[in-house]
Every structure is written in C-alpha cells, then in structure tokens.
Engineer: 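Please find one structure pasted underneath; my questions will follow.
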Amino acid sequence: MSKPRQRVERIFPPPGPSAEAPSVDTGGASAVEPRSGADGSPSAGGFDSVDAISFAEDGLRTATDDGARVNDFAFKVGTVNGTGSASANSLLLQAIFRMGIPVSGKNVFPSNIQGLPTWYEIRVNGAGYTARTPDFDLVVAMNPSTFARDVAEVRPGGWVLHDSSWPFDEALRREDVAFVGIPLGRMCVNAFAGSRERTLMKNIAYAGALAALLDLDLGEMGRIIRDDFARKPKLIDSNFTALHLGYDYAREHFACPLPIRLRRMDATRGCVMMDGNTAAALGCVYAGATVGAWYPITPSTSLMDAFGAFCARFRTDAATGARRYAIVQAEDELSAAGIAIGAGWAGARAFTPTSGPGISLMGEFIGLAYYAEIPAVFFDVQRTGPSTGMPTRTQQGDLMALAYASHGDTKHLVLFPSDPAECFHMAVQAFDLAERFQTPVFVASDLDIGMNDWMIPRLAWDDAYRPDRGKVLSADELEGIAKFSRYADGDGDGIAARSLPGVHPAGAYFTRGSGHDRDAAYTEDAAAYQEVVDRIARKLRGAASAVPAPEIRRAPGAELGIVAVGSGHGAVREAVDRLAERGVPLDYLRVRGFPFDASVHAFLEERETTFVVEQNRDGQLRALLLLETGIAGARLASIRDYGGVPLSARRVVDGVLSHLSMVEA
C-alpha cells in the first residue's frame, strides 16, 4: 500500500448545464439524474470538454483483468454528527449515480443535533441490488470514538481509510486489513482558515481520496459542486481545493485504484435519486391535496417541509401571490389529525404526516373519521418503538396499529410502498381511496424509505388523471331527493352517498361519533346501530379489491413461498435470487395493500411453508395474515429483523436456510 504514483495535475470541468428535469416537475426538490453526453449517451469521461482532461500517462483507469472487483462493493463512512459530513457523502453518492452505476446510500444517524457517532453506508452494485449490506470492503474511520467498531466491521482483505494527522491505536490494527493513512486534518489546517471551514473541508478531502482509491469520476464530482454552490463561488473554490488535497495525496502515496473500483455504466438511464418523503409530498400535490396539518416528529417532518415548498411553487397564484393551500402546524398530533379530518369533511383533500408515537396520540380522531365516515390521509413514516424508542432508526412496528387503529371494532385501508416511487403513486391512490370509501387511509412508509435517497425510475404522470371524489351529491341531486339519509346504502356496496357543507340545505346532517342510525340521527337502538357498523364492515371488505394488489413472482419448481412488505422488498428480492442459486427456489408475494385481497389467501394456501419477512419483534405481518386469512400458523415461518437498520439480503438468506436445516434435522 505504499507504492508511489505519479502526480495527476488538477482537473476540473468548466461549468456545464445541469441534468434535464424529470417528467414530473419536482419543483427544485432533491432529485438527481445521471449525466449524459450531447448525443444522449452516458458521458464517457464526465467532462464537458476533452480539453479539460489531463491524466497521467501511468494509467488512471487501470485495466480490470487483474482480478479487480468492479461495481460490486460497499463502503462506510464513520464521522461525528454535526461536522458537515452529509454534503461529502451526498457528493459521493450522486457522483457514482451519474456514472451510470446502480448505488444506494443509508444514513445511520443519532437523534441529537451534534456530537454523537453517525455513519453513511454506500453500496455499489452493477446488477442493481441496492438493499443494505452488512459487509463492508472499505471503512472511512473519521471518528476516534468508533475506531474499534469501524475497524472490526471491515471484511477480511478490506481497507481502512483514516486521518493520519494523529496517531492510530496500534492495538486496533488487523493483519487481514490494509490501513490507508492520509493526513486530512493537517492538510486542511494548512490550506484553510478557521476551525469550522477546516472541519467541513476535511470531509470533502476524504471524498477526494475515495475518488482516487475507487476510480470515481472527478469530473462528475466537480460538476456537482458547481451545481450546488453556483451562487457561492468562494465555496466552489474551497471545495475544489479540499477535493484535490485528498485526491492528489492518495494518488501520490498509494496504488490507485484499489482492487475494488468503479467503471462507468449505463444502468441509471431514466432514473433519479429521491427520498420517500419528498416523493410522497409531490404525490400529495399531484393528487390535489390543499390542506396539510402536522406536528413535527422524526422521521416525517421533511414530508411537510417538501409539501410546503411544492405548494409555494405550484399552488400560489403567479399574478396575485394568493396561496391556494393551507398548512397548519398544530399544537400536538391529535390536533393535527382533527384539522385534517375537519378539512376532509368540508370537501378538501387533506392529510397529516407523522410516525408511530403520533399515530398513538391520534387514535381518538381516527376512530371518529372511521365511524363518521370522513376521508383523510395519514402518512406513517415508521421508526423504532415502543414509546419514544429510537427516533432515527427504521422499523415496521406499526402494522397492527394501523390496521386496527382506535378503540372498538375498526379496520383501515393501509398502503405499503416499497420505495420512493411508490410513495409518490400511492399518495395519489390514498386520496382517491379515502374519498371513494369515505374513510381514513394510511400510507405506511418508514425511515429508510422516507429519509434515504433511493434510485427509482423517473416519475411519470398521466395528464388524463382525474381525482376519484366518490359518491358526493351535487346541489341538483340533493334538490331531487325527498329525504337525505347520510348513512344509507343505496346500491349495496356499503358506501353511502355524502354531501358537502354549504352545497344545498337538503344535504344537511349532524356529524357525530356517538351512536347514529342511517339518517345520522342519534340512537342507542341495537338494530339501528348494527345496521350502520355492519354496512361499514361491508364497505371495508369491498375495499380489499381496490387497494394496490400484491406483487407475485413465481419461480420454476418452487415449493416454498416468501412474503414481505414495504422497504424490505429490495433485500427479499436479492435473497430470492441468492437462494435460487443455492437450489432453493421461492415464490415471492409482496403485500402492497390492506385489507388483503383473495390472491393473498390463495398464495398462502398453495404451499405448506411460507416465510414471512418483516422488521419488527413480534411478527405483526404474520399476525395479520393469520387473523385475516385463517391460514394455519404452522404454515407461516417468521423471519424478523428489528434492530433499527435496514434489512439485508444476508439476514433473509440465513433465516430461510436456518429454518430448513432445523426441519431436515
């Protein structure tokens, strides 16, 4: 690791145009697209001009017939929260994506503002597997308090990049790991003035070192910096300086690139990088939502932040500046739910974003909306519970709570997106379903989807879309009705027609959460009460065929099945492929909506053993399947992972093989 290399002179591209906008206008949101050349092909060198390229003769792009592992590795950056490492990590992720290589980034951060350990994990996989992996080929160890943990997590034969400005604890060295020491701190002290700038630029310097070690296109990194700091030219200069400090030092002192390296592909064409909260907020705009009520809670806050930014652009009259939307920060979660439900009752499309603790507090109003049959959309960006739990860790711990939220006999429509693209589309579906069935609808995302950037297909939109408002009576229709019975089932589908306030006096009724009959009058009569709640149950049964259908993939010769939900999809998809390579084919069903439709029950009945994969301790998805389908419990084998980090394929593979080995024994 000490072989000297010839110096590469400073190289940066001239300013160039940014990537073209996606089909769905993101209003300046955080969506990154791959870079293309003038002919639409991937940019071969990442530079706007061949004249900007000045590589050393000794071969910056080493041939890969030497056993190198190309576009198939993972690395991890360990830093301290609040030191500005997010910008450097985003720079790395975006640059790899713009090279046309499938990539994913997972941010593992603490729930304080500053001072505790934070990690950023990047997986590169040319085959398109982007689920989290626990196997790291390289770790950038920038936090002395986590050196021992960081070094221990490097796989044998891997590398540790560390700041050699200070002595490294020799007791932590491993014989099977190479240590790449670069004096990042000392170089930044000499190059920059002020402690804050030195701290920030040290992060960009390690990004530059990684560019050399991994053969990351420096031109792409330069373009991103120019785009990000177009209005702050001084920051462009300082970032370029820091980037080359790390890059030049690594090139001069180590054999670059490493045996793990990047090579430009064309596998991200037609894709963008986006987080789920931004995508969901955009979906709310396209669905026609005009009212958002919220109380801040991690990890859902950025959803309302994004909705506000989109509304400022798309829901503001350009001529008058009048706002055609309302965003209300309530005093607590219960109030936020009440505002959204009240707006839905008045005819607006309204929603509230929250997380598990907020769902607990909203329970009373959720029951009101269910029983009074008022549309409202709830985004639950799940985090680790119970109680406060770990606010910045992911989990799927709210499945049962959402399905049966509130006291008494209730059941709700729940949609389960697996990535930000589905957050966008399911947001629209949620509003349509809420109004069609006049009921609360939940979109069950989680922290991994909501706050991490995912590679997704460029969002597309159908201009022919028109909102499904459901059975809403017009003034003319009300005029011709002898008596309006708000909760009467007119056509046998369990859905009663509703009126909106102010449309016509004949549509007036008393909205109540207490016992009521088909005419909305107060009652304590058993038969009148049961008529209403039985109709609601019939309505919810009908909704099973309206929620998103499950995704089913069948494998030739499969005798076993596997079921998953939400963000675990990527890991399960990869695990299914890995198990097939080992001679264990599996049919795969991904749950996308609740109540379950008939195909879910049929899938479970087809085989004696089906694995249920989920990210909670108690097997909530399995419990829902048992309750709703009546399948025998012995036929559902549980694989659970609930430590707070995103699911990995290895965890699924190990779970399946462990179960099969016990059965064989």
Engineer: Determine, for Y509 and R486, whether the Lys NZ or Arg CZ falls below 6.0 Å from the six-membered ring centre while staying within 45 degrees of the axis.
Structural biologist: yes
Engineer: Can you establish whether the number of heavy atoms outside E364 located under 6.0 Å from its atom CD is more than 12?
Structural biologist: no
Engineer: Looking only at side-chain N and O atoms, does H425 offer a donor or acceptor that is under 3.5 Å from a partner on Y286?
Structural biologist: no
Engineer: Decide whether D517 and T523 meet the rule of one side-chain donor and one side-chain acceptor closer than 3.5 Å.
Structural biologist: no
Engineer: Check this for me: does any side-chain nitrogen of one of D453 and K106 sit under 4.0 Å from a carboxylate oxygen of the other?
Structural biologist: no
Engineer: Side chain of D380, backbone of A444: donor and acceptor closer than 3.5 Å?
Structural biologist: no
Engineer: Ring centres under 6.0 Å, that's the criterion: do F351 and F379 meet it?
Structural biologist: yes
Engineer: Under 3.5 Å, is there a donor-acceptor pair between the side chain of T268 and the main chain of F97?
Structural biologist: yes
Engineer: Could you tell me whether D587 and R554 have a side-chain N and a carboxylate O separated by less than 4.0 Å?
Structural biologist: yes
Engineer: Taking the six-membered ring for Trp, is the centroid-to-centroid distance between F596 and H601 below 6.0 Å?
Structural biologist: no
Engineer: More than 12 heavy atoms of other residues, nucleotides or ligands under 6.0 Å from CZ of R324: is that the case?
Structural biologist: yes
Engineer: Would H516 and Y529 count as a close aromatic pair, with their ring centres under 6.0 Å?
Structural biologist: no
Engineer: Is it the case that over 12 heavy atoms from other parts of the model lie below 6.0 angstrom from the CZ atom of R323?
Structural biologist: no
Engineer: In this structure, which one of R535, R541, K471 forms a side chain to side chain donor-acceptor pair (under 3.5 Å) with D493?
Structural biologist: K471
Engineer: Taking it one step at a time, do R635 and T610 satisfy side-chain contact (heavy atoms from CB on, under 4.5 Å)?
Structural biologist: CA-CA 6 Å; R635 299 172 68 177; T610 297; over 6 Å; no
Engineer: Indicate yes or no: does R622 engage E614 in a salt bridge with an N to O separation below 4.0 Å.
Structural biologist: no
Engineer: Could you tell me whether Y295 atom OH has more than 12 heavy atoms of other residues or ligands within 6.0 Å of it?
Structural biologist: no
Engineer: Do S545 and D597 pair up side chain to side chain, a donor and an acceptor below 3.5 Å, judged on atom types alone?
Structural biologist: no
Engineer: So, are D448 and R132 salt-bridged, with charged N and O less than 4.0 Å apart?
Structural biologist: no
Engineer: So which heavy atom on I449 is nearest to which on C423, and how close?
Structural biologist: CG2-SG, 3.5 Å
Engineer: Is atom CZ of F603 surrounded by more than 12 heavy atoms (other residues, nucleotides or ligands) closer than 6.0 Å?
Structural biologist: yes
Engineer: Would you tell me whether D332 and S335 have side-chain atoms, one donor and one acceptor, within less than 3.5 Å of each other?
Structural biologist: yes
Engineer: Run V443 and F416 through side-chain contact (heavy atoms from CB on, under 4.5 Å) and show every step you take.
Structural biologist: CA-CA 6 Å; V443 180; F416 301 103; over 6 Å; no
Engineer: For the pair E422 (side chain) and S418 (backbone), establish whether a donor and an acceptor sit closer than 3.5 Å, ignoring hydrogens and angles.
Structural biologist: yes
Engineer: Is a salt bridge present between R498 and E373, judged by a nitrogen-to-oxygen distance below 4.0 Å?
Structural biologist: no
Engineer: Does the pair K411/E628 count as a salt bridge with the N-to-O cut at 4.0 Å?
Structural biologist: yes
Engineer: With the threshold set at 4.0 Å, does a side-chain nitrogen-carboxylate oxygen contact exist between R640 and D618?
Structural biologist: no
Engineer: Would you please say whether a donor-acceptor pair under 3.5 Å links the side chains of W454 and T130?
Structural biologist: no
